[in-house]
Protein chains: 2
Amino acid sequence: MSTAQHLRNVPIFSDLKDNDLNIIADKMVSRSYDKGKMILLEESQGETFFIIKSGAVKVTRQSDDGREVILAILGESDFFGEMSLLDGEGRSANIISNEDSEVLTLSRSDFLDCLETYPKIAIALLEELAIRLRKSDQHIESLSLSDSEHRIAITLIRFAQELGTIKKGEVTIKNLPFQQDIANMAGTSRETVSRTIKLLEEKNLVKKNKKDLIIFNFDEFRQLFS
Amino acid sequence: MSTAQHLRNVPIFSDLKDNDLNIIADKMVSRSYDKGKMILLEESQGETFFIIKSGAVKVTRQSDDGREVILAILGESDFFGEMSLLDGEGRSANIISNEDSEVLTLSRSDFLDCLETYPKIAIALLEELAIRLRKSDQHIESLSLSDSEHRIAITLIRFAQELGTIKKGEVTIKNLPFQQDIANMAGTSRETVSRTIKLLEEKNLVKKNKKDLIIFNFDEFRQLFS
DNA sequence: TCCTCATTGTGATAATTATCACAAACGTAT
DNA sequence: ATACGTTTGTGATAATTATCACAATGAGGA
């Protein structure tokens with residue numbers, strides 16, 4: 001697939017004419033990262049905008065004592081790096097390749113030019129940031145007032161929405177992340193994740209199948225926990 | 001002060017020429033809210049953009065069982081309501097007037113027109129949302145991996161940055177919010193806030209003075225808790 | 001296959017924090 | 001000044017969850 005075709009799938013570019021899309025595509029450079037590689041380091045200067053062509057990355061923050069908080073897991077056609085381009089602050093998070101991944105990159109100045117030249121992109125980007133902010137707010141709410149069972153369930157819902165496939169009410173999350181990663185997103189411990197998923201299985205709400213997790217009745221599940 | 005002069009203080013409008021500023025100012029309508037009044041209700045449709053002319057508001061989310069999570073407290077020249085204008089979703093939070101407040105409002109269509117007409121506004125708004133997203137991420141981090149003492153201290157730091165006045169290293173937060181509000185921001189209980197602030201006083205890090213709180217050495221305090 | 005390393009499961013215990021109950025202090029209006 | 005409603009302080013207790021320790025299971029390579 002051509003670079004322009006990839007861009008077509010990215011919400012913030014999808015409104016553009018083919019012509020403009022090609023112009024932007026020409027400015028982008030492709031890079032590859034092996035699983036586990038650090039793509040962006042916290043504290044480094046933000047000079048690049050990234051779009052995920054294939055694979056997945058995790059957005060994390062690291063505390064002094066080494067504990068890791070996972071803010072999000074991003075997949076194909078998601079983008080990142082825009083934050084520090086926009087507000088000029090340093091990186092606020094680490095980005096680590098979660099699988100072998102290919103990304104498209106755009107330089108700071110090309111990115112900012114795009115925003116000035118195509119107001120539609122800026123507006124689409126505003127929309128995207130609004131959505132993310134909304135998700136963050138929900139995340140904050142859940143961390144603030146739920147017990148660990150709820151927090152873990154809500155984390156599973158996030159995975160289902162981002163990585164899941166639906167088949168008549170049943171959602172299958174293929175390749176459920178490690179318990180440690182789920183714990184780092186839900187703000188709890190790995191052991192509690194283990195015990196809680198077992199509990200959800202006993203309540204007949206979910207079922208594990210090798211590396212996959214099935215949520216039997218997604219609507220009901222959401223109702224129960226959010 | 002004229003409406004245009006108020007707008008001049010708002011980051012997203014500060015780049016505009018006087019002329020353009022006046023055009024926008026003409027479209028804005030002023031409204032007043034008494035302390036405690038609900039300005040925006042969760043779940044209602046988002047049709048208005050607001051700028052705070054004077055006073056302060058709190059941004060909250062409410063859970064089924066009535067508990068409240070405070071996402072932010074906004075003051076003069078801050079704005080809100082842009083989220084659902086941008087992504088078309090319903091309101092994600094309640095906005096309650098925290099003091100007697102005056103706000104300027106702009107209709108949905110006028111707001112979106114502004115963005116199309118003045119790309120600078122869109123870019124400045126992107127910047128602002130990026131900053132908010134960054135704060136949300138920090139908030140998530142602190143809720144995820146800190147104990148209640150840290151979370152409360154970090155909440156005090158947020159207040160200091162938004163409401164505090166500095167005098168040679170010492171920050172005074174005038175009119176510290178109620179313990180219950182602090183608890184709702186820090187994701188803990190009112191009693192724990194009471195005990196923790198006492199603890200911080202015993203450690204000679206802060207001092208209460210009637211309704212005010214003084215942080216003796218702000219840099220050190222920040223170092224300790226973030 | 002067997003071995004090894006990574007991941008998951010689970011019990012016991014300790015630490016943290018919420019909750020309840022009530023007293024003290026504070027603010028405001030009469 | 002008094003009285004009332006709101007906010008804060010604090011002890012006792014219960015509930016939740018983290019942590020530690022180790023066993024069980026699984027996945028990938030020699």
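To find a chain, count down the sequence lines: A is the first, B the second, and so on, and within it residues start at 1. The figures here come from the full heavy-atom set of this structure, side chains too, leaving out hydrogens, waters and symmetry mates.
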| task | Using side-chain hydrogen bond (donor to acceptor under 3.5 Å, both in side chains) as the criterion, list what pairs up with B:H150, not counting sequence neighbours. | result | B:D147
When the side chains of residues 166-182 of chain B are checked against the rest of the protein, which donor-acceptor pairs come out under 3.5 Å, sequence neighbours left out?
residue : atom : partner : partner atom : Å
B:K174  : NZ   : B:D212  : OD2          : 3.3
B:Q180  : NE2  : B:N184  : OD1          : 3.2

| Difference in axis direction between the ends of the helix from C:dT1-D:dA30 to C:dT30-D:dA1, five pairs, 10° | 40°
| said: Between A:Q180 and C:dT8, is there a contact of a side-chain N or O with OP1 or OP2 at under 4.0 Å? | reply: no
| remark: For A:F218, the ring-ring contact (aromatic ring centres under 6.0 Å, His included) test, sequence neighbours excluded, returns none
| task | Provide, to the nearest angstrom, the distance between the CG atom belonging to A:D212 and the C1' atom belonging to C:dT8. | result | 16 Å
| Residues forming a side-chain hydrogen bond (donor to acceptor under 3.5 Å, both in side chains) with A:S30, sequence neighbours excluded | A:K53
| Nearest-nucleotide 5' precedence on DNA chain D, A:K210 against A:S148 | A:S148
| request: Identify the 5'-most and 3'-most nucleotides of DNA chain D with at least one atom closer than 4.0 Å to a non-hydrogen atom of chain B. | output: D:dT7 to D:dA12
| Partner residues of B:R195 under the side-chain hydrogen bond (donor to acceptor under 3.5 Å, both in side chains) criterion, sequence neighbours left out | none
| message | So, using ring-ring contact (aromatic ring centres under 6.0 Å, His included) as the criterion, who are the partners of A:Y33 when residues are at least two apart? | response | none
| query | Base, sugar-phosphate, or nothing for B:K208, non-hydrogen atoms under 4.0 angstrom? | reply | sugar-phosphate
Compile the donor-acceptor pairs under 3.5 Å between side chains in residues 198-210 of chain B and protein atoms, sequence neighbours left out, one pair per line.
residue : atom : partner : partner atom : Å
B:E201  : OE2  : B:K208  : N            : 3.2
B:K203  : NZ   : B:E149  : OE2          : 2.7

| query | Are A:H139 and A:R158 close enough that some pair of their side-chain heavy atoms sits under 4.5 Å apart? | reply | yes
| query | For A:D87, what residues pass the side-chain hydrogen bond (donor to acceptor under 3.5 Å, both in side chains) criterion, not counting sequence neighbours? | reply | B:R134
| task | Could you list the residues that satisfy ring-ring contact (aromatic ring centres under 6.0 Å, His included) with B:F49, not counting sequence neighbours? | result | B:F79, B:F111
| message | Any residue in residues 188-206 of chain A with a heavy atom nearer than 4.0 angstrom to DNA chain D? Just list them by number, or reply none. | response | A:T188, A:S189, A:E191, A:T192, A:R195
